[in-house]
Amino acid sequence: MSPATRLQLVRRSGWAFCVAVVAVVTFWYFRANPLIRAANRMVAAMRDGDGDALYDATIADERSCSDLSPQKIHKAWQVLIEPLVVGSRLVGTDPTELDSNHTQVIAALRYLNQQGDPWKLNVIANQSDGDAKTDVIYSMLSTASLFDSDGHANPTLTPDLSLNGLRRYRARLEAVGIHRVMLAPGTCFTWDE
């Protein structure tokens with residue numbers, strides 16, 4: 001091989017190496033944050049009632065408190081979320097972004113119900129030691145409680161709406177085997193408490 005050919009080969013190899021480095025750096029910089037990807041998967045599972053995916057995303061304290069299984073989560077979804085999603089029209093998504101400390105993401109789908117009221121299906125993904133986790137049953141109950149007895153969606157969850165939601169859904173959640181609920185990590189309450 002002549003020196004000119006060798007030089008040309010070295011230059012081509014150098015350019016190929018530079019292009020590869022730029023491609024890897026670009027991919028690394030623009031790839032979605034794992035917490036954002038997890039939040040998007042969680043909100044899709046919440047929309048679809050995917051009990052297995054929601055179980056995997058559930059905080060261990062909530063699994064224990066409510067004695068959860070993928071089947072129980074799906075049944076609770078059928079009570080709390082399915083009627084809302086089926087009776088509404090998806091109108092968009094909110095951007096999913098990390099909070100300032102990079103440990104939490106809110107993913108949300110925006111809907112309009114039959115009365116024309118806007119509402120959101122939210123999931124808060126929290127960074128944990130393993131994958132991102134969320135409180136599934138409380139999240140579903142909070143969303144369902146936004147709706148009053150006439151089916152109108154309220155923009156914010158008030159104490160009265162929360163209490164009315166607990167009363168409205170308690171018997172149906174007990175029927176699917178949920179007798180206790182976690183309101184915050186480390187807490188576990190019976191329906192009467």
Side-chain angles (χ1 to χ4, degrees), residues 38-39 41-90 94 99 104-126 128 132-193:
R41 281 194 310 271
M42 287 177 193
V43 79
M46 187 71 76
R47 175 197 64 212
D48 300 337
D50 185 340
D52 291 323
L54 291 172
Y55 181 80
D56 289 343
T58 303
I59 296 170
D61 286 353
E62 187 178 34
R63 284 183 189 177
S64 175
C65 174
S66 298
D67 189 31
L68 294 178
S69 68
Q71 296 77 21
K72 277 187 186 179
I73 291 173
H74 180 73
K75 288 177 182 177
W77 176 85
Q78 288 176 312
V79 169
L80 299 168
I81 301 299
E82 184 179 36
L84 306 177
V85 171
V86 169
S88 299
R89 181 172 53 90
L90 179 65
D94 284 352
D99 68 351
Q104 191 176 72
V105 173
I106 299 174
L109 302 173
R110 289 182 284 114
Y111 288 89
L112 283 177
N113 70 0
Q114 292 175 349
Q115 289 88 346
D117 300 327
W119 66 279
K120 290 183 183 182
L121 182 62
N122 301 358
V123 173
I124 300 172
N126 295 290
S128 69
K133 298 295 180 189
T134 191
D135 52 348
V136 173
I137 299 300
Y138 179 73
S139 179
M140 287 193 287
L141 184 58
S142 295
T143 300
S145 296
L146 284 171
F147 291 79
D148 61 26
S149 58
D150 294 329
H152 287 282
N154 293 279
T156 57
L157 187 63
T158 64
D160 285 341
L161 287 171
S162 293
L163 188 56
N164 290 336
L166 285 172
R167 290 177 181 148
R168 188 173 350 139
Y169 295 111
R170 174 184 177 171
R172 288 187 272 177
L173 290 173
E174 285 179 323
V176 301
I178 297 175
H179 301 285
R180 296 180 314 207
V181 65
M182 182 187 82
L183 300 179
T187 65
C188 187
F189 295 99
T190 66
W191 295 111
D192 291 323
E193 292 176 321

Trainee: Just grab all the ring-ring contact (aromatic ring centres under 6.0 Å, His included) pairs involving residues 132-151, residues at least two apart or on different chains.
Mentor: Trp119-Phe147
Trainee: Go through the structure and list residues passing side-chain contact (heavy atoms from CB on, under 4.5 Å) with Asp94, not counting sequence neighbours.
Mentor: Ala108, Arg110, Lys120
Trainee: Within the side chain of Arg180, is there an N or O that forms a donor-acceptor pair under 3.5 Å with the backbone of Cys65?
Mentor: yes
Trainee: With Lys75, which residues qualify under side-chain contact (heavy atoms from CB on, under 4.5 Å), at least two apart?
Mentor: Gln78, Val176
Trainee: Which value, rounded to the nearest 0.5 Å, describes the distance between Arg170 atom CZ and Thr190 atom OG1?
Mentor: 7.5 Å
Trainee: Quick check for you: to the nearest 0.5 Å, what is the distance between Leu68 atom CG and His74 atom NE2?
Mentor: 14.5 Å
Trainee: Strictly by side-chain hydrogen bond (donor to acceptor under 3.5 Å, both in side chains), give each pair with a member in residues 139-168 just once, sequence neighbours left out.
Mentor: Asp117-His152
Trainee: What residues form a salt bridge (Lys or Arg N to Asp or Glu O under 4.0 Å) with Glu82, not counting sequence neighbours?
Mentor: none
Trainee: With Leu109 as reference, evaluate Val123, Leu90, Asn122 under the side-chain contact (heavy atoms from CB on, under 4.5 Å) test and give the passing residue.
Mentor: Leu90
Trainee: Among all residues two or more places apart in sequence or in another chain, which pass the side chain to side chain donor-acceptor pair (under 3.5 Å) test with His179?
Mentor: none
Trainee: Scan for side-chain hydrogen bond (donor to acceptor under 3.5 Å, both in side chains) pairs involving residues 52-66, sequence neighbours excluded, and state none if there are none.
Mentor: none
Trainee: Just verifying a value: how many Å separate Arg172 CZ and Ile178 CD1, rounded to the nearest 0.5 Å?
Mentor: 13.0 Å
Trainee: For residues Leu173 and Ala76, report the shortest heavy-atom separation together with the two atoms involved.
Mentor: CD2-CB, 3.9 Å
Trainee: Any donor and acceptor pair, going by atom type alone, linking the side chain of Lys133 with main-chain N or O of Ala60 inside 3.5 Å?
Mentor: no
Trainee: Listed by chain and number, what are the side-chain contact (heavy atoms from CB on, under 4.5 Å) partners of Ala144, not counting sequence neighbours?
Mentor: Leu80, Leu84, Tyr169
Trainee: Which pair of non-hydrogen atoms, one from Leu54 and one from Met46, has the smallest distance, and what is that distance?
Mentor: CD2-N, 3.9 Å
Trainee: To the nearest 0.5 Å, what is the distance between CD1 on Ile81 and CG on Leu121?
Mentor: 5.5 Å
Trainee: Quick one: pull up CG in Leu157 and CG in Leu146 and give me the separation to the nearest 0.5 Å.
Mentor: 5.5 Å
Trainee: Among all residues two or more places apart in sequence or in another chain, which pass the side-chain contact (heavy atoms from CB on, under 4.5 Å) test with Ala107?
Mentor: Ala39, Asn40, Val43, Thr96
Trainee: Determine whether a donor-acceptor pair (N or O, by modelled atom type, separation under 3.5 Å) exists between the side chain of Thr134 and the backbone of Ala125.
Mentor: no
Trainee: Who are the side chain to side chain donor-acceptor pair (under 3.5 Å) partners of Asn126, not counting sequence neighbours?
Mentor: Gln104
Trainee: For residues Gly186 and Met182, report the shortest heavy-atom separation together with the two atoms involved.
Mentor: N-SD, 4.4 Å
Trainee: Let me confirm one number: the CH2-CG distance from Trp77 to Asp50, rounded to the nearest 0.5 Å.
Mentor: 10.0 Å
